[in-house]
Amino acid sequence: MNIRTPLHNTYFNKKVVSTTLLVFATFMSPLATAVSMLDNSSIEKNPQRIIVYVGTYSGENGSGGIYAYEMSANGKSLTKIQHINAPAQAGYLIVNQKTLNLYSVDERKNDGRGPVSPTAMVYSFRIDKSSGELIPLNSMIAPGANPTFLSLGLRDNALYTANHGGFEHIEKVIFKDGKWQSEYDYDDATVIKYELEKNGALGGIGDLVVLKGHGQDPSKSKQLAGHAQASSHAHSAIVSPDGKYLLVCNKGTDEILVYQIGKKLELVNSYKFPAVSAPRHLVFSDDKRFYLDLELSNQVASMNFNPENGKITLVDKVSAVPPNFKGYNEPAEIRLHPNHKYIYVNNRGSDDISWFSVRASGVLEWKGSVPLAKSLNPGVAARSFAFAPDGTHLIVADRPDNKLKIYKVSADDGSLTILNEASVAQPAFISFASIE
């Protein structure tokens, strides 16, 4: 398939420009070169082609699945390559650039009735080197509701998932202490290690950890009327740069859990935040520093990490939102620019992407923001964004707007300038791959 995706730009009329170029080609070759970058010809001349994979949710506005697009050399346009329907709830993707494999979650809760609907799964694909299309390899069940994060262990050839669990509870009626009363049980949150085959296919579950405990419940947070920490929630699981550790953000217990990676995962350290902080995602800068966002306390933190023993210490912690914003907010994704000078966070409430400068000491300073579509609630908001491999462009999956939004990233100050947008139903996640 090579279907052009319409991109909305009220300042560009291709027909008029093309006519002008035909008349004045001899005298305006610089303009002709610049405008031609908006055509498919720029893709053919680019020796390294950039493929954008977009995970989407099924629902009223779309069928879900994964879309593949090719990005033009100047980043202003996307050409649709493929759409696959499964997995339908593709809320998180990750690409292994070395092997050209893509992995996706199917973010759902097992219904326990047979099942009637598909189970929570993890899918593996091979990326075709010539076209960028996804070729299915296999899929496996993900025990634990709602897999929300994937991380690659290149040292041990493994794929790790964080399964968030659910917020729904089961009421159990028991007779205890001489009276009838109710107890409540919640979905398990899990961390799973999948072994990988030589071709990148899923080889089986090598280990599984069930997280225990809960946070302050109820709390004064607005999420689920204060019950968002009634049980553990593994929101991310990230392999350290040296491949020795897996860091798990347990949103439900306000902890980062540090596991040593081996045949089995061994808990060797942890870091506890203040109550109702809810660590969500983290990103490493190098083997001794990482940054994370705290969902319920609405903060971004800078942390030092000791690769010898997995010990974590706090360096700095700042508000995730622009200084003049006063309402309720929950940060979602956090990304480090490839130059390691700026941290970016997308906010659900202030509805923006904010960026922060990073000093050598790890101290953070808010620098600016760009607006996104108005969120319906923190669960239906812009959930994810990603940088192109060279860091020159950023694409946001702006779910409430049903659009991908493409920004130019300034090398001078990290600021974002909107370039274009494309309509995609229920976009949830962005992942890039480079092919030749």
Side-chain angles (χ1 to χ4, degrees), residues 1-9 12 14 18 32-56 65-85 90 92-104 123-137 150 152 154 199-201 335-339 384-397 403-411 416-424 427-436:
M1 298 176 66
N2 192 22
I3 302 172
R4 195 69 171 175
T5 299
L7 299 176
H8 310 293
N9 189 334
F12 178 65
K14 186 173 181 181
S18 298
T33 301
V35 175
S36 69
M37 292 180 73
L38 297 179
D39 299 331
N40 282 336
S41 59
S42 64
I43 296 172
E44 297 169 357
K45 294 176 182 178
N46 187 10
Q48 190 175 65
R49 300 159 59 195
I50 303 302
I51 310 300
V52 183
Y53 297 101
V54 183
T56 66
I66 303 173
Y67 291 81
Y69 298 91
E70 188 162 345
M71 192 175 193
S72 64
N74 65 353
K76 288 186 177 180
S77 63
L78 301 173
T79 300
K80 183 178 173 183
I81 298 171
Q82 182 189 31
H83 173 227
I84 56 176
N85 290 320
Y92 200 98
L93 314 174
I94 192 168
V95 169
N96 185 337
Q97 184 60 49
K98 291 184 178 180
T99 63
L100 284 184
N101 289 104
L102 180 141
Y103 303 92
S104 174
Y123 284 70
S124 67
F125 300 88
R126 177 172 64 84
I127 298 173
D128 185 87
K129 294 181 180 179
S130 59
S131 68
E133 290 187 353
L134 297 177
I135 300 169
L137 293 177
L150 297 170
L152 284 164
L154 300 181
N199 67 347
R335 299 284 189 181
L336 174 66
H337 189 273
N339 67 14
S384 172
F385 63 95
F387 289 101
D390 63 0
T392 57
H393 295 87
L394 178 149
I395 300 182
V396 181
K403 289 178 181 176
L404 305 179
K405 295 181 178 177
I406 307 171
Y407 295 85
K408 180 72 174 176
V409 184
S410 170
L416 302 177
T417 303
I418 187 72
L419 291 180
N420 229 322
E421 55 189 36
S423 296
V424 179
F429 199 84
I430 308 290
S431 193
F432 285 87
S434 300
I435 62 175
E436 296 182 358

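This one's a predicted model, so the numbers in the text were calculated from it and none came from an experiment. Values reported hereafter were calculated over all heavy atoms of this structure, with side chains retained and with hydrogens, waters and symmetry mates removed.
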Exercise for the section: Identify the heavy atoms of Arg335 and Phe385 that sit nearest to each other, and give their distance. Expected result: NE-O, 2.8 Å
Problem - Glu70 (side chain) donor-acceptor with Leu78 (main chain) under 3.5 angstrom - result: no
Problem - Thr99 side chain vs Gly200 backbone, donor-acceptor pair below 3.5 Å - result: no
Problem - Separation between OG of Ser104 and OH of Tyr123, rounded to the nearest 0.5 Å - result: 8.5 Å
Problem - Nearest non-hydrogen partners of Leu419 and His393, listed with the distance - result: CD1-CD2, 3.5 Å
Problem - Exercise: identify the closest heavy-atom pair between Ile51 and Ala68 - result: CG2-CB, 4.5 Å
Exercise for the section: Dump the intermediate steps for side-chain contact (heavy atoms from CB on, under 4.5 Å) on Leu93 and Ile430, then the final yes or no. Expected result: CA-CA 7 Å; Leu93 314 174; Ile430 308 290; over 6 Å; no
Handout entry: Residues Arg49, Glu436: salt bridge by 4.0 Å N-O rule
Key = no
Practice task
Verify, without hydrogens or angle tests, whether Glu133 (side chain) and Ile127 (backbone) share a donor-acceptor contact under 3.5 angstrom.
Solution key: no
Handout entry: Heavy-atom side-chain proximity of Thr79 to Met71 below 4.5 angstrom
Key = no
Practice task
Would you confirm whether Asn420, through its side chain, and Lys76, through its main-chain N or O, come within 3.5 Å as a donor-acceptor pair?
Solution key: yes
Completion exercise
Value for OH (Tyr53) from CD1 (Ile84), rounded to nearest 0.5 Å, stands at 9.5 Å
Problem - side-chain contact (heavy atoms from CB on, under 4.5 Å), paired with Ile66, selected from Thr56, Asn85, Leu102 - result: Leu102
Fill in the blank from the handout: Scanning both residues in full, the closest heavy-atom pair of Ser434 with Pro389 reads OG-CG, 3.6 Å
Completion exercise
Taken in chain and number order and not counting sequence neighbours, the residues that satisfy ring pair (Phe, Tyr, Trp, His ring centres under 6.0 Å) with His337 are Phe387
Practice task
Identify the two heavy atoms, one from Ala386 and one from Phe432, that lie closest to each other, and give their separation to 0.1 Å.
Solution key: O-CE1, 3.7 Å
Fill in the blank from the handout: When every non-hydrogen atom of Val54 is compared with those of Pro427, the smallest separation belongs to CG1-CB, 4.1 Å
Exercise for the section: Output yes when a side-chain donor or acceptor of Asn101 lies under 3.5 Å from a complementary backbone atom of Phe125, and no otherwise. Expected result: yes
Practice task
Would you give the length of the straight line joining atom NE2 of His83 to atom OH of Tyr67, rounded to the nearest 0.5 angstrom?
Solution key: 3.5 Å
